[in-house]
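Since the structure comes first, as structure tokens, the remarks are kept for the end.
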Amino acid sequence: MATQSLQKLGSNLAESNKQLDILSNGIFKNGELPTFKTKISETAQFPLKAKALEILQINVGYMCNQVCDHCHVDAGPDRKEIMTRDTMKRCLEVIKNSGAHTLDLTGGAPEMNPNFRWFVEEAAKVGIKDFIVRSNLTIIRANKKYHDLPEFFKKHNVHVVSSMPHWTRGKTDKQRGNGVFDKSIKALQDLNAVGYGMPDSALRLDLVYNPSGAFLPGNQAAMEKDFKKALMEDFGIQFHNLFAITNLPIARFLDYLIASENYEDYMYALVDAYNPAAVKNVMCTNTLSVSWDGYLFDCDFNQMLELPVNSPSKHISDFNKTLLEGRDIVISQHCYGCTAGAGSSCQGVVA
Ligand code: SF4
Ligand code: SF4
């Protein structure tokens with residue numbers, strides 16, 4: 001189980017260039033597997049184009065109270081990248097004027113940013129239709145100062161989307177650290193207690209599942225049923241939807257794949273499961289991702305690979321909707337993670 005980020009450990013894979021090298025060479029360079037560009041060209045879907053902006057996803061920092069094995073952010077307590085209030089103010093201007101119907105705050109653990117509550121209060125005033133906060137759940141129980149988060153989320157009508165890799169302690173703790181399961185269960189009960197996740201409640205509570213090893217997620221609807229049954233029977237917990245997300249081969253999941261000698265098999269599995277119908281709805285087509293220091297990316301994965309948007313509008317301070325819409329999306333082999341099977345995005349399947 002990881003206890004420090006790759007960056008803190010001084011690992012080669014903390015460098016995005018090194019990750020991109022791995023993804024571009026080897027089996028993709030020698031022609032064993034087609035590149036993502038070749039694959040989507042077969043159905044005339046290259047270049048992948050951005051459509052109208054619907055979702056603004058803002059990463060408010062890479063600091064996290066956990067160090068999960070699969071983390072694509074390489075987040076952890078040792079990461080110090082934190083969005084400043086100034087950058088948040090620029091984001092607020094864009095939220096007001098961009099026309100996006102969804103605001104999605106992520107991290108790290110977004111709640112650890114010292115300006116998180118201020119930002120939520122200000123953003124909630126804009127009246128955006130769907131205001132998501134991605135919470136790892138354990139942060140709610142990590143320290144007394146976070147215990148009132150369920151009430152705070154409720155006050156601002158935040159849609160809570162939480163990671164929960166399994167309904168059993170063993171599988172959850174293996175991926176996310178000892179004690180994570182018990183804290184997550186308590187946090188879910190706290191959220192239920194204020195009304196989150198109840199069948200007719202407008203307080204949305206969704207869970208995110210991602211596989212704990214080098215395999216692809218199973219059927220999302222079937223898993224949701226299993227999660228609902230087990231969490232209700234064992235702990236009386238209710239939630240709305242389960243999103244099944246494929247692990248993308250970057251950052252700590254790439255490190256795990258290489259260390260466990262699963263990298264090539266996993267890439268074969270992703271390419272085998274390629275579904276051309278999923279391409280048109282991958283999340284970069286309607287989403288823009290903002291990094292802690294205000295730079296713009298096609299998605300959170302491209303942010304971590306330091307692949308900026310292919311547009312003259314590169315930073316939140318020079319956001320230009322017209323220039324950004326219709327841009328060519330920057331792709332590499334990690335994109336196969338979004339088009340495997342029923343597809344995968346921050347909101348589950350896409351096809
Ligand atoms: S996966 Fe989420 S909870 Fe785990 S270390 Fe990364 S950001 Fe934190
Ligand atoms: S990884 Fe990002 S750029 Fe690639 S298909 Fe997925 S959302 Fe789009």
Side-chain angles (χ1 to χ4, degrees), residues 54-55 57 65-66 101-107 109-111 116-117 119-121 123-169 171-173 176 179-210 217-245 342 344-350:
E54 295 183 74
I55 303 171
Q57 187 173 57
N65 58 318
Q66 291 182 190
H101 58 62
T102 298
L103 173 63
D104 185 339
L105 299 192
T106 189
E111 301 93 332
F116 170 75
R117 292 196 192 217
F119 192 35
V120 169
E121 280 161 11
K125 289 180 197 161
V126 179
I128 206 124
K129 199 168 141 213
D130 189 8
F131 185 0
I132 296 171
V133 171
R134 292 184 186 267
S135 175
N136 68 17
L137 291 175
T138 61
I139 192 71
I140 295 174
R141 304 305 308 168
N143 182 304
K144 238 181 168 171
K145 70 179 178 186
Y146 298 120
H147 286 186
D148 67 332
L149 277 170
E151 284 290 355
F152 176 76
F153 290 147
K154 178 179 178 175
K155 185 172 170 203
H156 298 289
N157 200 22
V158 162
H159 171 180
V160 179
V161 178
S162 294
S163 334
M164 189 74 192
H166 208 257
W167 62 82
T168 59
R169 182 176 289 104
K171 285 196 174 164
T172 300
D173 285 1
R176 298 174 76 80
V180 165
F181 182 76
D182 290 341
K183 279 192 197 142
S184 302
I185 290 296
K186 179 71 180 87
L188 285 171
Q189 288 169 335
D190 292 349
L191 286 161
N192 276 176
V194 301
Y196 271 100
M198 295 296 128
D200 297 321
S201 173
L203 296 169
R204 305 293 301 170
L205 173 61
D206 297 325
L207 300 186
V208 175
Y209 159 88
N210 66 298
N219 177 275
Q220 179 170 284
M223 264 192 295
E224 181 179 288
K225 247 183 171 172
D226 293 343
F227 264 79
K228 284 198 164 162
K229 187 167 181 288
L231 288 177
M232 173 49 100
E233 280 177 11
D234 296 348
F235 305 104
I237 287 170
Q238 302 196 70
F239 66 95
H240 291 124
N241 298 112
L242 180 86
F243 303 143
I245 292 189
S344 177
S345 75
C346 283
Q347 302 193 11
V349 300
V350 299

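By convention here, the first residue in the shown sequence is residue 1. Below, each value reflects all heavy atoms present in this structure, side chains not excepted, and no hydrogens, waters or symmetry copies.
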Residue pair [X] / [Y]: nearest heavy atoms and the distance that separates them:
X      : Y      : answer
Met223 : Pro217 : CE-CB, 4.3 Å
Ser184 : Met164 : CB-SD, 3.8 Å
Val133 : Glu111 : CG1-OE2, 4.5 Å
Leu205 : Asn192 : CD2-ND2, 4.0 Å
Pro199 : His240 : O-NE2, 4.1 Å
Arg117 : Lys145 : NH2-O, 3.2 Å

Which label fits Tyr196 and Phe153: parallel for a plane angle under 30°, tilted from 30 to 60°, or perpendicular past 60°?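 Aromatic pair Tyr196/Phe153 classed perpendicular.
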
I need the [X] [atom1] to [Y] [atom2] distance, nearest 0.5 Å.
X      : Y      : atom1 : atom2 : answer
Leu149 : Phe116 : CG    : CZ    : 6.5 Å
Trp167 : Tyr209 : CH2   : OH    : 8.5 Å
Leu207 : Leu231 : CG    : CG    : 7.0 Å
Asp182 : Arg169 : CG    : CZ    : 4.0 Å

Is the closest side-chain heavy-atom distance between Arg204 and Asn241 below 4.5 Å?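 The answer is yes; the side chains approach within 4.5 Å.
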
Within-4.5 Å side-chain heavy-atom neighbours: Asp104 and Arg134: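 Counting from C-beta outward, Asp104 and Arg134 do come under 4.5 Å.
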
Is Asp190 paired with Lys186 through a side-chain N to carboxylate O contact shorter than 4.0 Å?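 Yes, this pair counts.
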
For [Y], does its backbone N or O pair with a side-chain atom of [X] as donor and acceptor, under 3.5 Å?
X      : Y      : value
His156 : Val158 : no
Ser162 : Leu137 : no
Asp173 : Phe181 : yes
Glu224 : Leu242 : yes
Thr172 : His166 : yes
Gln189 : Phe235 : yes

For Lys228, I'd like to know if atom NZ has over 12 heavy atoms of other residues, nucleotides or ligands within 6.0 Å.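 Yes, the 6.0 Å shell around NZ holds more than 12 heavy atoms from other groups.
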
Which residue in the set Asn157, Val126, Val120 passes side chain to side chain contact (heavy atoms under 4.5 Å, CB included) when paired with Phe131?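 It is Val120; the other options fail the test.
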
How about [X] and [Y]: does a side-chain donor come under 3.5 Å of a side-chain acceptor?
X      : Y      : answer
Asp206 : His159 : yes
Ser163 : Asn210 : no
Gln57  : Thr106 : no
Asn136 : Thr138 : yes

